[in-house]
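The structure appears right after this line, and notes come after that.
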Amino acid sequence: MFGKSLKFAVMTLLTYLLQACAAPRIPIGGIAPNLAMALIAIVSVALGRKYTFVMSLTVGYLLEIMLPALPYINMIGYPVCCILGALAFSDKSERKLEEERTLGKTARQLHPHLRTVLCALLSIGIFEAVNLFYTYLTGVALASLPYGRAITDVVYTTVLAGVLQFPVRWWLGVYRLRQAR
């Protein structure tokens, strides 16, 4: 238990540092990826909703303090967008799957690697939509450039989540089989 908590704390700090320091250094077409959203999506599927909320709240708060962009967008946007992604794509418990089976629904889940990519796509898509809406409300005329930048960020972040999920899930210990007690 302590090992998992320590890995989670290191992962949270690393997520913030990668977003603050590394993401601006790897732009494509002048657009930096949102590494934090990608890593939080990986944690959403690998560890669950509680870890997602804590990580997204911590990273959003740190980004709001250290790298302010639009007022309060990181502090509010990260937890809300990431929790919406986690609600849709995090692992269902065996109890929830059994409840769905008793109600006659087909109780199955998509493969975790596919759910990670979809979770990142949903989270960053909502985040970019909120950013565009906020920009529009501040009086900036939205032409094709902001939409193109948002779509590029969504695609770039989703691809990074798909690639980074394998080493991150391995490091978190998701691939290890649990021993029977």
Side-chain angles (χ1 to χ4, degrees), residues 4 7-60 62-63 67 69 73-74 77-93 96-97 106-132 146-178:
K4 185 177 181 180
K7 282 184 177 183
F8 177 71
V10 168
M11 184 72 195
T12 303
L13 180 63
L14 186 63
T15 299
Y16 162 69
L17 290 174
L18 284 172
Q19 180 62 32
C21 300
R25 307 276 187 244
I26 55 171
I28 289 181
I31 300 159
N34 197 325
L35 284 170
M37 283 283 185
L39 292 171
I40 293 170
I42 296 167
V43 169
S44 296
V45 175
L47 299 179
R49 296 176 188 157
K50 289 182 253 180
Y51 288 97
T52 300
F53 180 70
V54 171
M55 186 175 192
S56 62
L57 187 65
T58 304
V59 170
L62 287 172
L63 287 173
L67 302 168
I73 195 76
N74 291 329
Y78 272 88
V80 170
C81 296
C82 292
I83 285 298
L84 288 173
L87 285 172
F89 296 109
S90 66
D91 280 339
K92 292 180 183 175
S93 66
K96 183 70 175 171
L97 290 171
T106 55
R108 65 181 191 95
Q109 299 185 88
L110 296 173
H111 194 275
H113 295 138
L114 178 60
R115 283 187 288 133
T116 301
V117 172
L118 293 174
C119 183
L121 180 66
L122 179 65
S123 297
I124 192 64
I126 293 170
F127 190 75
E128 286 298 326
V130 168
N131 278 333
L132 285 173
Y147 292 116
R149 293 178 65 84
I151 290 170
T152 304
D153 187 29
V154 168
V155 170
Y156 193 12
T157 302
T158 303
V159 168
L160 278 176
V163 171
L164 293 175
Q165 70 180 324
F166 299 103
V168 171
R169 289 172 65 88
W170 174 81
W171 187 72
L172 290 173
V174 175
Y175 293 130
R176 292 187 203 115
L177 294 176
R178 295 185 183 154

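Every heavy atom of this structure was used, including side-chain atoms; hydrogens, water molecules and symmetry mates were not.
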Check whether any side-chain heavy atom of [X] lies under 4.5 Å from a side-chain heavy atom of [Y], and answer yes or no.
X: Gln19; Y: Val59; value: no
X: Thr158; Y: Val117; value: yes
X: Tyr78; Y: Asn34; value: yes
X: Val10; Y: Trp171; value: yes

Output, in order, the C-alpha distance, side-chain angles, deciding distance and verdict of side chain to side chain contact (heavy atoms under 4.5 Å, CB included) for Ile40 and Tyr51. CA-CA 9 Å; Ile40 293 170; Tyr51 288 97; over 6 Å; no
Euclidean distance, [Y] [atom2] relative to [X] [atom1], rounded to 0.5 Å:
X: Thr157; Y: Leu121; atom1: OG1; atom2: CG; result: 10.0 Å
X: Leu18; Y: Leu13; atom1: CG; atom2: CG; result: 9.5 Å
X: Leu84; Y: Cys119; atom1: CG; atom2: SG; result: 10.0 Å
X: Thr116; Y: Leu164; atom1: OG1; atom2: CG; result: 11.0 Å
X: Cys82; Y: Leu122; atom1: SG; atom2: CG; result: 10.0 Å
X: Arg169; Y: Leu47; atom1: CZ; atom2: CG; result: 9.0 Å

Classify the ring geometry between His113 and Phe166 as parallel (under 30°), tilted (30 to 60°) or perpendicular (over 60°).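 Answer is tilted, since the angle falls between 30° and 60°.
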[X]: side chain to side chain contact (heavy atoms under 4.5 Å, CB included) partners, not counting sequence neighbours:
X: Ile31; value: Arg149, Thr152, Asp153
X: Leu62; value: Tyr16, Thr58
X: Ile28; value: Tyr156
X: Ala120; value: Ala41, Ala161

Please confirm whether the backbone N or O of Phe53 pairs with a side-chain atom of Ser56, one donor and one acceptor, at under 3.5 Å?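 Yes, Ser56 side chain to Phe53 backbone: donor-acceptor pair under 3.5 Å.
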Sidechain-backbone polar pair: Ser90 side chain, Arg49 backbone, donor-acceptor under 3.5 Å: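 It does not hold such a pair.
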If a pair satisfies side chain to side chain donor-acceptor pair (under 3.5 Å) and one of its residues is in residues 121-130, list it, with sequence neighbours excluded.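 As it turns out, there is no side chain to side chain donor-acceptor pair (under 3.5 Å) pair with a partner in residues 121-130 once direct neighbours are skipped.
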Write down the atom of Leu39, the atom of Val168, and the distance for their closest heavy-atom approach.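 Heavy atoms of Leu39 and Val168 come nearest at CD2-CG2, 3.9 Å.
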Indicate the atoms forming the closest heavy-atom contact of Pro33 with Leu160, along with that distance.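 That closest heavy-atom pairing would be CB-CD1, 3.4 Å.
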Qualifying salt bridge (charged side-chain N to carboxylate O under 4.0 Å, His left out) pairs with a residue from residues 112-122, counting only residues at least two apart or across chains: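 Qualifying pairs: Asp91-Arg115.
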